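This one's a predicted model, so the numbers in the text were calculated from it and none came from an experiment.
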Amino acid sequence: MADQSKETTDFGFRTVAKEQKKEMVAEVFHSVASKYDLMNDLMSLGIHRIWKRFTIESSGVRRGHKVLDLAGGTGDLTAKFSRIVGEKGQVVLADINDSMLKVGREKLRDIGIVGNVSYVQANAEELPFPDNYFDCITISFGLRNVTDKEKALRSMYRVLKPGGRLLVLEFSKPVLAPLSKIYDVYSFHVLPRIGQIVVNDADSYRYLTESIRMHPDQETLKGMMEEAGFDQVYYTNMTGGVVALHKGFKF
């Protein structure tokens with residue numbers, strides 16, 4: 001059996017021990033949690049709202065459904081799903097980071113979203129939910145921060161009901177060369193400076209940029225979802241492939 005203490009993974013462009021990554025990612029999100037929504041708007045020029053709206057429209061969620069908003073952060077998707085599923089439905093906002101979870105809970109309660117939403121601190125690799133429980137699972141800009149993505153996808157498959165769907169919204173690989181060059185300049189030179197100015201933390205945003213580049217491209221992630229058991233997996237590129245929405249079903 002392999003010595004797990006010697007197993008490595010990526011942390012941005014750095015190689016670190018697997019057991020270190022969770023703590024290092026946690027520190028990043030502890031640092032950015034309080035300004036996370038503001039930084040999302042600045043980083044994406046507000047376009048993240050369109051990406052998330054498309055994700056919700058693709059979810060097939062209806063009244064009475066059970067939804068898992070995994071790596072749900074400050075609750076943008078949870079807020080929308082709460083209104084869709086109604087009083088008889090359930091939305092679980094799950095995040096491994098307690099700082100993000102606290103910000104999300106306070107934000108949603110401040111706008112009156114209570115009753116059908118619960119909050120769970122959970123690791124995507126080992127979801128603490130029953131088999132075949134959720135009608136829909138979404139993970140929005142969170143999968144790239146997971147240490148063992150294959151294990152996480154299998155865990156999501158387990159807790160999804162037959163007939164349910166998984167939606168993975170994540171930064172991906174631009175499909176146009178000129179856009180890719182512009183994106184690189186913006187990511188590696190502009191975003192860390194914004195992070196330094198807004199939250200006094202350039203390093204966290206440098207990691208977030210690097211983590212995007214290390215994340216599997218569209219076809220690779222499609223294959224990983226199929227390997228985890230999902231059927232009819234396909235993806236939609238948005239903003240020239242800067243972001244992609246992957247969808248897969250459990251049958």
**Study point:** Lys102 with Asp95: basic N within carboxylate O range, under 4.0 Å
**Key:** no
Revision key, fill the gap. Closest heavy-atom pair, Ala122 versus Ala94, reported as atoms and distance to 0.1 Å, is CB-CB, 4.4 Å
Exercise for review: Answer yes or no: are there more than 12 heavy-atom neighbours, outside Gln121 itself, under 6.0 Å from its atom CD?
Suggested key: yes
**Study point:** Beyond-backbone contact of Met238 with Ile50, side-chain heavy atoms, under 4.5 angstrom
**Key:** no
Review point. Is there a side-chain contact between Lys222 and His246 (heavy atoms, below 4.5 Å)?
Key: yes
Check your understanding: Is Arg165 positioned over the aromatic face of Tyr234, cation under 6.0 angstrom from the ring centre and no more than 45 degrees off axis?
Key -> no
Study note, to complete from the structure: On a heavy-atom basis, the closest approach of Gly89 and Asn116 is O-CB, 3.5 Å
Review point. What are the two closest heavy atoms between Asn145 and Phe141, and how far apart are they?
Key: ND2-O, 3.9 Å
Review point. Out of curiosity, Asp135 CG to His65 NE2, how far, rounded to the nearest 0.5 Å?
Key: 4.0 Å
Study note, to complete from the structure: In this structure, CZ of Arg105 is separated from CD1 of Ile113 (nearest 0.5 Å) by 14.5 Å
Point to revise | Shared hydrophobic cluster, Leu176 / Ile182 (ILVMFWY, side-chain heavy atoms < 4.5 Å) | key: no
Review point. Between Ala79 and Leu108, what is the shortest heavy-atom contact and its length?
Key: CB-CD2, 3.7 Å
Practice item. Tell me whether Val91 is reachable from Val114 by hopping between hydrophobic residues (I, L, V, M, F, W, Y) whose side-chain heavy atoms are closer than 4.5 Å. Key: no
Check your understanding: In Å, rounded to the nearest 0.5 Å, how long is the span from CG of Leu179 to CG of Asp184?
Key -> 9.5 Å
**Study point:** Nearest-0.5 Å distance, OG of residue Ser44 to CZ of residue Arg49
**Key:** 8.0 Å
**Study point:** Spacing of NE2 belonging to His215 relative to NZ belonging to Lys173, to within rounding of 0.5 Å
**Key:** 13.0 Å
Review point. Taking all non-hydrogen atoms of both residues, which atom of Arg144 and which atom of Ser211 are closest, and how far apart?
Key: NE-OG, 2.8 Å
Point to revise | Value rounded to 0.5 Å, distance of OG1 in Thr55 from NZ in Lys80 | key: 12.5 Å
Point to revise | From Glu219, Gln218, Lys247, Glu170, residue fulfilling side chain to side chain donor-acceptor pair (under 3.5 Å) relative to Tyr235 | key: Glu219
Check your understanding: In terms of hydrophobic clustering (I, L, V, M, F, W, Y; side-chain heavy atoms under 4.5 Å; direct or indirect links), are Phe54 and Phe81 co-clustered?
Key -> no
Practice item. Report yes or no: do Val185 and Val175 belong to one cluster of Ile/Leu/Val/Met/Phe/Trp/Tyr joined by side chain heavy-atom distances under 4.5 Å? Key: no
Point to revise | Side chains of Thr239 and His48 in contact at under 4.5 Å (non-hydrogen atoms) | key: no
Check your understanding: So Leu101 and Leu93, side-chain contact (heavy atoms from CB on, under 4.5 Å) or not? Walk me through it.
Key -> CA-CA 8 Å; Leu101 208 58; Leu93 195 167; 3.5 Å; yes
Review point. Closest approach of Ser59 and Leu167, non-hydrogen atoms and distance?
Key: CA-CD1, 3.9 Å
Review point. Do Trp51 and Ser140 have side-chain N/O donor and acceptor atoms under 3.5 Å apart?
Key: no
Review point. Are Leu77 and Val67 close enough, and set up right, to give a side-chain contact (heavy atoms from CB on, under 4.5 Å), and what steps lead you there?
Key: CA-CA 10 Å; Leu77 294 183; Val67 179; over 6 Å; no
Review point. Residues sharing Phe134's hydrophobic cluster, by side-chain heavy-atom contacts under 4.5 Å among ILVMFWY, directly or via others?
Key: Leu68, Leu70, Val92, Val120, Leu127, Phe129, Tyr133, Ile137, Ile139, Leu143, Val146, Leu153, Met156, Tyr157, Val159, Leu160, Leu166, Val168, Leu221, Met224, Met225, Phe230, Val233
Review point. In terms of hydrophobic clustering (I, L, V, M, F, W, Y; side-chain heavy atoms under 4.5 Å; direct or indirect links), are Ile47 and Leu169 co-clustered?
Key: yes
